[in-house]
Amino acid sequence: ELDDAAKKLRNGLFKIDDTRAKVEVMSVELEESKTKVLQFQKECEEYLVVIVQQKREADEQQKAVVARSAKIGEEEIKCRQIADAAEADLEEALPFLEAAVLALNSLNKKDI
């Protein structure tokens, strides 16, 4: 019986010792993992700052594009009005030009 108890005690102590060694290894791994997590967390925060800055810049560019688009739209309307006015003036002037060309063509040397 005493021998049995001694074996059980030795086995128990061996298991405790083995477990202690495993816990020490796990503690080292845990500390390494904590360090990595902190590093990744810091990198994520830095990336987040960059992303927020890029989003801000993109929003500003979008506002500029919208403003330019509005200005271009206004200029397009003005250009269309100018083109329409020029077209109307041309339509008004074409009959006079045609009449002048006909008059020139009907002239001969005797008329000069």
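Please read these numbers as outputs of a predicted model, since none were measured by experiment.
- In this structure, CG on Leu9 lies 10.5 Å from CG on Leu2, to the nearest 0.5 angstrom.
- The pair Asp4-Lys8 fails the salt-bridge criterion, with no side-chain N (NZ, NE, NH1 or NH2) lying under 4.0 Å from an Asp/Glu carboxylate O.
- With sequence neighbours excluded, the residues that form a side-chain contact (heavy atoms from CB on, under 4.5 Å) with Glu60 are Arg56.
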Name every donor-acceptor pair, under 3.5 Å, that has one atom in a side chain of residues 19-28 and the other anywhere in the protein, sequence neighbours excluded.
unit_1 : atom_1 : unit_2 : atom_2 : d
Thr19  : OG1    : Lys15  : O      : 2.7
Ser27  : OG     : Val23  : O      : 2.9

Could you list the donor-acceptor pairs under 3.5 angstrom formed by side chains in residues 30-42, with sequence neighbours left out?
unit_1 : atom_1 : unit_2 : atom_2 : d
Ser33  : OG     : Glu29  : O      : 3.0
Thr35  : OG1    : Glu31  : O      : 2.9
Gln39  : NE2    : Glu43  : OE2    : 3.4

Name every donor-acceptor pair, under 3.5 Å, that has one atom in a side chain of residues 67-88 and the other anywhere in the protein, sequence neighbours excluded.
unit_1 : atom_1 : unit_2 : atom_2 : d
Ser69  : OG     : Val65  : O      : 2.9
Glu76  : OE2    : Arg80  : NH2    : 2.5

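- For Gln53, the CD atom is densely surrounded, since the number of other residues' heavy atoms within 6.0 Å is greater than 12.
- Under the salt bridge (Lys or Arg N to Asp or Glu O under 4.0 Å) criterion, Lys7 pairs with no residue at all, not counting sequence neighbours.
- The side-chain contact (heavy atoms from CB on, under 4.5 Å) check on Leu97 picks up Leu94, Val101, with sequence neighbours excluded.
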